[in-house]
Amino acid sequence: MSQSQIPSLNSLHSGVPERLAKEADAARTRLYSIRTLPESKPRGEPVRLPPNITQDGFDTAINALVKILGEKGVELNDKELKDGWYMEHPNTHDAYHVIDQEEMVCSALAYPCSTSEVQSIVKWANEYRIPLWPISMGRNIGYGGAAPRVPGSVVVDLGRNMNQVLRIDENNASCMVEPGVSYFKLYEEIQKRDLPLWIDTPDLGGGSVLGNAIDRGVGYTPYGDHFANHCGMEVVLPDGSLLRTGMGAIPGKDGADNPTWESFQHAYGPAIDGIFSQSNFGIVTKMGFWLMPETGHQSYMITFPREEDFEQIVDIIRPLALKRILGNIPQLRHAIQELAVTGKPRTNWYTGSGRFPRDVVREGVKALPVGDISWVFYGTQYGDAASIKSQLDIIKSEFSKIKGSRFMLPSELPADHYIHSRVNVCSGVPVLKELDWLNWKSNAAHLFFSPITPTDSKNARTIHNLIDNLHQKWGFDTFPTLCVAGREMHYIANIVYDRADEDEKRRARGLMREMIAAAAKEGFGEYRTHLLFADQVAETYGWGGGALRKFNETIKDALDPNGILAPGRNGIWPKSYRGKGWELVGEGALQSVKAKI
Ligand code: ADP
């Protein structure tokens, strides 16, 4: 077991803030205590070359890159691969590999120090026809981490040297950040300056603010839609040229940045920012965000006793959310997650094989403060005390229509209960607590299946049954987290698997593929997916003879004729790759990723 010091935020852009150092240490100890995989093992091959490049050609290209960035700016991916853990994550591969660890690896890493170095890297890639894979922090866990879609790509690790909070404007409640700024870092910076502003953070605080937003990640304050709350971008295009979007396209006075860059999103002409999210049309080097003025807040949980309460819960949430009485995007979870978030392994309750039985869930939760429940709703209200009270009165009265429901405040629950972590997250304080459920299994990794469905009881039941039945078929526990808004729900099913167990990995892939296909038949599509399933998900968005795919390909080919930028990201392939077997649309295809290179 590693006893090394976990890097702190003061020493490393991706490090842990001082206030969480002890907690991080304890989390690592717990995770490693049930790890059976070795820290690393010898590589099968020294360096995975990019496609269609000889060793000589690669060496020449790398020498040229070293001339641009210096020795420190380039690193070959030729060492043993270490999965590490959340706070000490790799930038070489997907730490939560769902196929062989060595399949989705880069050939080398480039560490630019400036936008102009990013432009030089892009020009270099065009000259040598080497695919690039930009990452900000590389903590896109559950969706592919730092792994490139095309093995042998050069990962452009933007975060290592480009990690400054460039501006915080207290009056405008906005900021401008570089790719390597984590939620932890932005939060600490605001605390240091003692500003009355909140950030919005996802469940874990180590990701990049910019990277998460362009992958359209979400958080839990009223500013939880990260992309919707961005304002202004600077983008290096695939030919190496530079673009500023929004008001940033107007030069500021005397060479300064435009003063309304972080104030008005759409500016003039087509609103193009969206094409740089979940795409491979550019490398984002700066991005503006709106921050929330700090306010009062009150988190709470409501529990429901019966499985069948599910439909009524959803139908009660819809009007409350549509009328904006619910203060944030609340979460609805199943009772089994109350066990998982305690951080104890599954074997603490059940040592049998197969699915975790329902009666064992029942016995488990009975022993917890929540008692014998089936569903739990975590919400937060915002504003001054009087408005929070009036909101809560309505919410309590609506949910009390469900017999046996129980409303609880954090003050009524023990100090180690998960709700206290929700209080932090829902008031913009980035934490690590959500890692706890990774102790469910040894060597635990996870994949998210994240379909969007209408917020109504019928559709909620359809998607839940579909997901639950298929989890049963493939032998996985169902961990549903529904992030419920007024018109749609993000149903996040978290597949937790043991990455030392090849059969579990095979089943996790099979489950994903079958859920994507079955959900699409009902008209439900994923809002985001792991890179290995990107082609299949993109294919489900096939209305009009694949009109959307064709449109994306037209943009891709116009901007990136040499196909160097993140080929295959979100199922968008440049013309030089299309129809040559790169698209992964079945298990057979997954098994032969290597054979295709
Ligand atoms: P995080 O650490 O915040 O989860 P990542 O750095 O892993 O984010 O990025 C998430 C995804 O977005 C990655 O798959 C990567 O391909 C893409 N990405 C990240 N940063 C950039 C960027 N600055 N420009 C273009 N694409 C990016």
Side-chain angles (χ1 to χ4, degrees), residues 13-15 86-96 104 106 109-112 114-115 117-119 121-122 125 131-150 153-163 176-186 199-219 226-227 230 233-238 242-243 245 273-287 289 430 434 448 528-534 559-560 564-572:
H13 71 290
S14 60
Y86 185 73
M87 284 316 307
E88 293 164 285
H89 71 292
N91 56 6
T92 46
H93 67 290
D94 184 5
Y96 291 170
M104 312 303 283
C106 61
L109 297 117
Y111 299 107
S114 62
T115 297
E117 285 196 352
V118 176
Q119 293 178 274
I121 294 170
V122 169
L132 300 177
W133 188 264
I135 60 168
S136 287
M137 193 71 72
R139 276 199 182 117
N140 204 16
I141 56 169
Y143 294 111
R149 173 61 180 82
V150 170
S153 298
V154 168
V155 160
V156 184
D157 184 336
L158 297 150
R160 181 179 285 194
N161 301 316
M162 296 171 71
N163 50 44
M176 173 72 63
V177 296
E178 288 190 314
V181 174
S182 67
Y183 294 97
F184 287 143
K185 180 157 180 169
L186 184 57
I199 66 162
D200 185 279
T201 174
D203 298 284
L204 289 165
S208 150
V209 174
L210 183 159
N212 181 283
I214 54 173
D215 212 31
R216 298 208 294 270
V218 293
H226 292 165
F227 194 74
H230 96 277
M233 287 176 157
E234 181 178 88
V235 190
V236 174
L237 296 176
L242 195 59
L243 173 77
T245 68
D273 288 41
I275 71 163
F276 298 107
S277 71
Q278 291 200 1
S279 80
N280 46 16
F281 301 156
I283 300 181
V284 183
T285 49
K286 284 178 192 159
M287 201 158 164
F289 289 93
E434 202 79 18
F448 289 126
R528 193 176 177 193
T529 198
H530 187 284
L531 54 90
L532 283 175
F533 307 97
L559 292 178
D560 187 8
I564 53 99
L565 190 57
R569 179 153 151 73
N570 287 85
I572 305 167

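Just so it is clear, the structure is predicted and the values come from calculations on it, not from any experiment. Counting starts at 1 for both ligands and their atoms, following the listed order.
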>> Under the rule for salt bridge (charged side-chain N to carboxylate O under 4.0 Å, His left out), what residues qualify as partners of Glu434, not counting sequence neighbours?
In response: Arg333, Arg422
> Contact residues of ligand 1 with a heavy-atom cut-off of under 4.0 Å?
Replying inline: Trp133, Pro134, Ile135, Ser136, Met137, Gly138, Arg139, Asn140, Gly145, Leu158, Gly207, Ser208, Leu210, Gly211, Asn212, Ile214, Gly282, Ile283, Val284, Arg569
> What residues, two or more places apart in sequence or in another chain, satisfy ring-ring contact (aromatic ring centres under 6.0 Å, His included) together with Phe227?
Replying inline: His230
>> Taking salt bridge (Lys or Arg N to Asp or Glu O under 4.0 Å) as the cut-off, I'd like each qualifying pair that reaches into residues 204-215, sequence neighbours left out, listed once.
In response: Asp215-Arg528, Asp215-Arg569
> Atom CD1 of Ile214 and atom OG of Ser208: how far apart are they, to the nearest 0.5 Å?
Replying inline: 7.5 Å
> How many angstroms lie between atom CG of Asn570 and atom CZ of Arg149, to the nearest 0.5 angstrom?
Replying inline: 11.5 Å
> Would you say the side-chain atoms of Thr115 and Glu234 include a donor-acceptor pair closer than 3.5 Å?
Replying inline: yes
